[in-house]
Amino acid sequence: MLQQLVVKTFQSQVVNWQKEHGRHQLPWQQASNPYRVLVSELMLQQTQVSTVIPYFNRWMLSFPTVEALANATNDQVMAHWQGLGYYARARNLHKAAVYISELGAFPESLDDLLKVPGVGRYTAGAIMSFAYDAYGPIVDGNVRRLYARYFAISGVTNSSAVDKQLWALSEQLTPTENCKSFAQGLLDLGATICKPRQPLCEQCPLALTCQALLQNRVDELPTPKPKKIVPVKDGHFIWLAQDGQVFLQKRPAPGIWASLWSLPQVAADDALLKQATKHGEFVHQFTHYKLNATVWQLDQSHLVKLQQVEEQQPSSWYHKTQLADVGLPAPIRSFIEQQPEFSKPD
DNA sequence: AAGCCGTGGGC
DNA sequence: TGCCCAAGGCT
C-alpha cells in the first residue's frame with residue numbers, strides 16, 4: 001500500500017501540471033459528452049491522436065448521436081473507419097451504439113461500462129474519468145511507461161505479473177476528485193514528457209521523486225518487449241474489372257479485414273489461378289506478419305466460380321465512384337487506385 | 001495466456 | 001531502411 005501523503009502529492013502534481021501544461025483543445029474535449037468520449041476512446045485504442053482527429057471529426061458529422069450510429073448500416077460504419085485499422089473496433093462501436101440505444105441510458109458505472117462491446121478495463125476507466133469526472137483508474141501504454149519509470153518497475157509491462165501490479169497502483173493513485181484532469185494528465189505526461197525515447201525529465205513535475213530518474217535507469221525502463229519474428233504469408237487476389245467497375249467481396253468475420261470489401265482472395269492451390277494471368281503484386285506489412293500479395297486477372301467467364309469462392313460471402317461490382325461508400329483494406333484501395341482506369345480524377 | 005487484429009508516425 | 005510504438009480488446 002502506498003502512503004496517503006505519497007498518493008495525494010502524486011495526484012496534485014499530475015492535476016496541477018495538466019491544468020497548466022496539458023492538452024485542452026482535442027476535438028473530443030470540446031462539447032464533451034459520454035458518446036463523444038466513447039467514440040474517441042475506441043478510435044484511440046492503439047492509434048495516435050494525430051491519426052484519429054480527422055476520423056473523429058468526420059464520424060461526428062455523420063453519426064452525431066448514439067441513435068444515429070445505431071441506425072447506420074455496417075457498410076456506412078466501415079466506410080468511416082476505413083484506413084484506421086483494427087476494424088473489430090468499428091464493429092464493436094456499432095454494436096455498442098445498438099446496445100446503449102436499447103438500454104435507454106448511457107452506462108454510468110465501471111461494471112456497466114465493461115458490458116459494452118469494445119470497452120475493456122482501460123476504456124471503462126477512461127469513460128468514467130472523461131465523461132463523468134468520476135473515479136476511473138486507467139492503465140494504457142502511457143501509464144505503463146510512466147509508472148514503470150516512476151516506481152522503477154522492471155519486467156515487460158504487459159506481462160500478467162507486472163500488469164497486475166500496475167493496475168493495483170492505478171487503483172490506489174487514482175483520485176475521486178479532479179478525476180478528468182488526473183486521467184488526462186497521465187496521458188498528456190506520457191505523450192509529451194515521459195515519452196518512449198528521449199523523455200523530457202527536466203520538464204517533468206514528478207522528476208524529484210521519479211525512481212528511474214533517481215537511479216539513472218530512465219533509458220532502461222520500461223523493460224523492452226521481446227522481439228518476435230514476423231512470418232511471411234502469400235496472398236492471391238483476383239482482378240476482375242470492366243467499364244470502370246471492379247468485382248469485390250465482403251470479407252468474413254472473424255479474420256483479417258473482416259467486414260471490409262476486398263478483391264476476392266483465393267487459396268494458393270485454387271483451380272481458378274490456372275486460368276488467370278498475373279496482373280500485379282504488392283507487399284503489405286502487418287504487425288504480426290508480412291503479406292506478399294499477387295493479383296491475378298480473370299475475365300467475366302469465371303464470375304460464377306468466383307462467387308462460390310467464399311461460401312455465402314456477399315459480392316458485388318463497384319464503380320469507382322462508389323468505392324467511397326464502403327470500407328476497403330488500405331493496401332487494396334491503394335492497389336485499385338493505382339490502376340489507370342480507377343485513378344482518382346473521373 | 002498468448003496470439004490475433006491495421007495502419008501510420010517518427011526516428 | 002527497419003523497427004518501435006500508439007488513450008487495447010477479445011478469444
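Below, read A as the first sequence line, B as the second, and so on, with proteins coming before strands; counting in each chain starts at 1.
- As rounded to the nearest Å, C:dA7 and B:dA2 have P atoms that lie 24 Å from one another.
- The salt bridge (Lys or Arg N to Asp or Glu O under 4.0 Å) check on A:Lys278 picks up A:Glu281, with sequence neighbours excluded.
- By the side chain to side chain donor-acceptor pair (under 3.5 Å) test, A:Arg36 is found to be paired with no residue, residues two or more places apart in sequence or in another chain being considered.
- Within the structure, ring-ring contact (aromatic ring centres under 6.0 Å, His included) contacts touching residues 30-56 of chain A (residues at least two apart or in different chains) are A:Trp28-A:Phe56.
- Contact annotation for A:Lys228: backbone-only contact, meaning every heavy-atom pair under 4.0 Å involves sugar-phosphate atoms and none involves a base.
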Problem - Protein-to-nucleotide contact annotation, 5' to 3' order, nucleotides 4-11 of chain C [B base; S sugar-phosphate only; - none; under 4.0 Å, heavy atom] - result: S-BBBSS-

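- Taking 4.0 Å as the cutoff to heavy atoms of chain A, we find the contact window on DNA chain B bounded by B:dA1 to B:dG9.
- Here salt bridge (Lys or Arg N to Asp or Glu O under 4.0 Å) pairs that include residues 194-208 of chain A, with residues two or more places apart or in two chains, number zero.
- For the C1' atoms, the distance linking B:dG6 with C:dA6 amounts to 12 Å, nearest Å.
- Evaluation of the salt bridge (Lys or Arg N to Asp or Glu O under 4.0 Å) rule for A:Glu108 yields no partner, not counting sequence neighbours.
- Residue contacts shown for A:Pro331 are limited to sugar-phosphate atoms, with no base heavy atom under 4.0 Å away.
- Applying the salt bridge (Lys or Arg N to Asp or Glu O under 4.0 Å) definition to pairs two or more places apart or across chains, those involving residues 219-242 of chain A are A:Arg217-A:Glu220.
- Contact annotation for A:Leu84: base contact, defined as any heavy-atom pair under 4.0 Å involving a base atom.
- Mapped onto DNA chain B by nearest heavy atom, A:Lys233 and A:Ser160 fall at different nucleotides, with A:Ser160 at the one closer to the 5' end.
- Between A:Trp17 and A:His21, the ring planes lie tilted relative to each other; the angle falls in the 30° to 60° range.
- In this structure A:Trp261 satisfies the side chain to side chain donor-acceptor pair (under 3.5 Å) test together with A:Asp75, sequence neighbours excluded.
- Look at the P atom in both C:dG9 and B:dG8: the space between them is 23 Å, to the nearest Å.
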